[in-house]
Structure formats: structure tokens, C-alpha cells
Amino acid sequence: MSRFTLRLSATDVIPADEAASSFYWLPDQRSTFTRGFSPSLATLGPVPPLNVDVVRVALTAFAADRTVPRKGHGANWNRRQLELEVPVSDAAAWNGVADELAGVLGFLSGDRWSLSFTQRPEPVETLAPDEISVTPQRVVLLSGGADSAIGGLYSRSLLATDQQHVLLSHYNNTMLAPIQRHIATELERLIPGPSQEHMVVHLGRRSERIDGTSYPSESTTRSRSLLFLALGLAVASLHQVPLWIPENGFASINPPLGPERLGSLSTRTTHPKFLQDLAAVLTKVGAYAVIENPFAHVTKGEMYRRVVDLVGAEEASSFLSATHSCALTGQRAHGISSDRPCGVCFGCVLRRASFAASEVPDLSDYIAPSSDPAVQKWLESKSVEQPVCNFIHRGVRARDLTTLSLPDDYPLRDALDLCQRGIQELRSLYQ
């Protein structure tokens, strides 16, 4: 088992074993995390202490997720055992839900988690003034992907001219920041009138420990979505408004492409059970946790058609093509810019199919196919196109959906209908 402790202070001399098993959230350059946000989130404003705790838990989980490499490759990843100790404002309340929260984390990442909490006196910090003069209708997570961009556009379409929403972006990879800013600007241009606030958070684990040694690195950080949600809820808690996490329902329930793709290779970042269980345990502890996915029963292609309805086909093509849905890393090793989408990961395949199904022109600059033999070989090693074709041919039956851990209030007939519509969109790519 790998054990880590979040520490909010540090002595001048730190033993090597403590440095190796600790993450330090400090106000100076020795901090484990990128600077700019203190552990009380004072720069955001008067975030309720329990929602500050949520961010601490999520950031510690994210750091641990990045620090413990998985063994094996592809679908043969191991199930890691991770133990966390986190200082919080109400240790008794958090320890009362520790097992439930560990289960939610396990469902998200495919690992076994053990959580414990210690009481920490809250530091006195100067809070940032609340610059939002009008209470927003909602907070919308804006990742830089197409679904979140559509969520921002749809949210603006619902606002009256005297209303506003808040867009919340988080990035660890600096490549995403300009994409997020571009989308936010485009939202205001495409649907003028309502005001909006775009808050951008750069928060992640640095590459070196406090003693200067290097952290191990794991790239499959399933827990990043928990940190994104925690930051969004921190902002939403300031105004007691809903947090939107826009994602197409087909990807959210995520029927596996094949039996070998069960477990931690199948992402559950917006799975309805994950969102429902997370909200339940956070509410139980007393934190603010109103989370909504406005597209939970909609396919990605249907979302694209909604953009056409709002702004027209030409603007939809330009707007959607400028988003980033690629999950593949490693472009730079082949001399390719990291912001170029591969075209063959599941995110890219679903994106291409959604363009095809909605008949919106796709202007994305995919790497695949490549005339460079080495690059093409790399792409083929990462491609999910054959499993997708097999999935289309096999289809989804009602009994297949019983393995997806859907919430009790999610009818299987609705999930089956959603999957069949999603498969039809994938089919449009290979006709």
C-alpha cells in the first residue's frame, strides 16, 4: 500500500521518508503544488470550510494518483492500494464518511482507497473580494473539450441579458489554457448580451518533491475529474447555485468497447453513479454539492446539432473544431505539437463520429493518418478504431447494461435507447 499525507506546513529540515510520503501545500516555492492557490482557497473568496476540505481531499487524491505508477499496460492495469491522510476543518465529520468516500474514489479510478482525516486549525488569510456583482445562475465547468464548450453555449442561451454564469476552467497541462480562453471568448461572441466570469485555475502536482528528488509519474490520472468538480463546487458554494458538468450521456454511462475494457481503462468521470454518490457523501458531511449534467440523456451528435440550432452550421463547425477532445499523450516525442488531436483515441473517434452524424464539417487537424512510418506505427498501437468497429458490430443488449452500475433511478430502457443512438452515430463514421 502507498501512503501519503497532505501537510500544510513544513520544517526547515525534512527527513527523506517524510518527504517521500508527503504532499506539502505551502505559500512558498517549496510547495508540492503549482503556486497561486492557498490551502484555504482565499483567492476564490469565502469558500465554506467543508468545501475547502473537498478540494484538499481531491488534490491529495490527484497527487497520489499521479505519483504511484500502474503496473502493466492497456487493459491489464493493476488495482493500486492508496492510503491518504488529509487535514480538514471537521475531522469527526469526515472520518464518519471516510469509507463511503473511499468507495466513490475507487469507483472513479479503479483502485482501493483508504482515507483518514486530522483536525487542522484554519489559517487566517485575507480573502479575495467577491467581484461578481450579480449572483450567477450556475457555474459551468469548461475543460476545453467539445461537450463543455457546448455546455457553456447552451448555458448562455438560457440567460436573460441581466443574468450571468461563471465558467470554471482547470488545467495541469499548460496546452489547455489558451484553448479554454478561446472558447470563453467565442461564447460571448456567438451569444452576445449576458455577462460571464471565466475563472481559470492552474493547480497540479509539481515534478519534484520538497527535498528536490523527483516524483514517479503516472499519466492515467482518473482522479483529475474529482479535483475539477471540487474546484467547481467551491465556486458554486459561494453563491449556492448548481454546478454543471456538461458531458454527453453515451460517454457518461460508458458501455465498454469489449470485456477487456472493464475496470480502470474505462473512464467514469461523469458516470451518473459517480456523480450521484459523490453528491450524496458530500451532502452527508455538510458540504455544498449540487451537481448537474444537462446532457445526461443526450448523445454527442445530438449535442452538435443543438449548436447548429443555436448559431448555424458554419459557426458550429468553426466553434466545435477549435475544441480539444484528444486523450492521447506522447505527441512531442514524435516532433508533433501536443495540441494536435490524434484522431484514433476514443475521444477523437467519438468526436469524428459526432461531426459525421450531425453533418457539421470537421475542421480538426488530426494526426492520423500519417505519412511518417514511425508516427503511423505509434498511432496504430494506440488506436481504438478496431475495437470500436467490433463494438458497433456486436451492439449493446439490455443485459449488457446490468454491468454498468447505473443508479437505481436510471431506467435500463433509457440507457439502452441512449446506447443504440450512440452506436448509430459511431456507425456513421465507418459507412
Side-chain angles (χ1 to χ4, degrees), residues 44-47 51 128-171 176-201 228-249 252 270 275 279 288-324 358 360:
L44 293 180
V47 177
N51 277 91
D130 188 352
E131 298 179 353
I132 301 176
S133 57
V134 178
T135 299
Q137 298 299 298
R138 65 193 66 89
V139 176
V140 183
L141 295 184
L142 183 68
S143 65
D147 290 20
S148 71
I150 296 170
L153 192 73
Y154 178 52
S155 175
R156 280 190 69 83
S157 75
L158 299 177
L159 298 175
T161 54
D162 61 344
Q163 294 178 329
Q164 72 167 346
H165 65 190
V166 175
L167 305 175
L168 191 283
S169 295
H170 167 257
Y171 70 92
L176 286 174
I179 296 174
Q180 294 165 344
R181 287 194 294 268
H182 172 75
I183 293 171
T185 300
E186 283 292 278
L187 293 178
E188 291 186 296
R189 183 185 69 82
L190 292 170
I191 300 183
S195 62
Q196 71 181 24
E197 177 81 8
H198 184 205
M199 306 179 72
V200 181
V201 179
F228 200 10
L229 283 162
L231 290 166
L233 286 172
V235 177
S237 71
L238 293 169
H239 310 284
Q240 300 291 292
V241 295
L243 173 67
W244 274 18
I245 177 167
E247 180 78 15
N248 74 87
S252 292
T270 57
L275 296 181
Y288 184 79
V290 179
I291 306 171
E292 300 175 358
N293 179 3
F295 305 118
H297 299 281
V298 179
T299 68
K300 197 179 187 84
E302 291 164 355
M303 292 174 65
Y304 279 34
R305 285 190 284 273
R306 187 169 297 186
V307 177
V308 174
D309 292 339
L310 288 172
V311 300
E314 184 176 352
E315 290 283 21
S317 174
S318 176
F319 176 67
L320 294 168
S321 297
T323 62
H324 185 83
S358 62
V360 174

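In this structure, Tyr288 contributes its side chain and Val235 its backbone to no donor-acceptor pair below 3.5 Å.
Two residues are said to be in side-chain contact when any heavy atoms from C-beta on lie closer than 4.5 Å; Ser252 and Asn293 meet this criterion. Counting only heavy atoms from C-beta outward, the side chains of Leu187 and Leu167 approach each other to under 4.5 Å. The shortest distance between side-chain heavy atoms of Glu188 and Arg156 falls below 4.5 Å. A heavy-atom distance below 4.5 Å is found between the side chains of Leu238 and Val47. Two residues are said to be in side-chain contact when any heavy atoms from C-beta on lie closer than 4.5 Å; Leu190 and Glu315 meet this criterion. Residues Gln163 and Pro194 form no side-chain contact, since every pair of their non-hydrogen atoms from C-beta on lies 4.5 Å or further apart. Counting heavy atoms from C-beta on, the side chains of Glu197 and Pro136 never come closer than 4.5 Å. Counting heavy atoms from C-beta on, the side chains of Pro246 and Val140 come closer than 4.5 Å.
Taking all atoms of both residues into account, the shortest heavy-atom contact from Gly151 to Trp244 is O-CZ3, 3.7 Å. Taking all atoms of both residues into account, the shortest heavy-atom contact from Gly145 to Thr323 is C-CB, 3.8 Å. Taking all atoms of both residues into account, the shortest heavy-atom contact from Gln180 to Ser169 is OE1-CB, 3.4 Å. Across every non-hydrogen atom of Leu168 and Val139, the tightest pair is CB-CG1, 4.0 Å. The two residues Gly301 and Ser358 have their closest heavy-atom pair at O-CB, 3.8 Å. Counting all heavy atoms, side chain and backbone alike, Lys300 lies closest to Asn248 at N-CB, 3.5 Å.
Taking CZ from Phe228 and NE2 from His170, the interatomic distance works out to 8.0 Å, rounded to the nearest 0.5 Å. Interatomic distance, Leu153 CG to Met303 CE, rounded to the nearest 0.5 Å: 10.0 Å. Separation of atoms CG (Asp147) and CD (Glu247) is listed at 4.5 Å; rounding is to 0.5 Å. Here the CG-CD1 distance, from Leu233 to Ile291, works out to 4.5 Å after rounding to the nearest 0.5 Å.
Side-chain atoms of His165 and Gln196 include a donor-acceptor pair closer than 3.5 Å.
Just one residue in the list Ser321, Ser318, Ser317 forms a side chain to side chain contact (heavy atoms under 4.5 Å, CB included) with Val360, and that residue is Ser317.
In this pair, Tyr154 and Phe295 present their aromatic rings tilted. The plane angle is within the 30 to 60° band.
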Check against side-chain contact (heavy atoms from CB on, under 4.5 Å), Val311 and Phe319: CA-CA 10 Å; Val311 300; Phe319 176 67; 5.8 Å; no
side-chain contact (heavy atoms from CB on, under 4.5 Å) between Leu159 and Ile191, intermediate numbers included: CA-CA 10 Å; Leu159 298 175; Ile191 300 183; over 6 Å; no
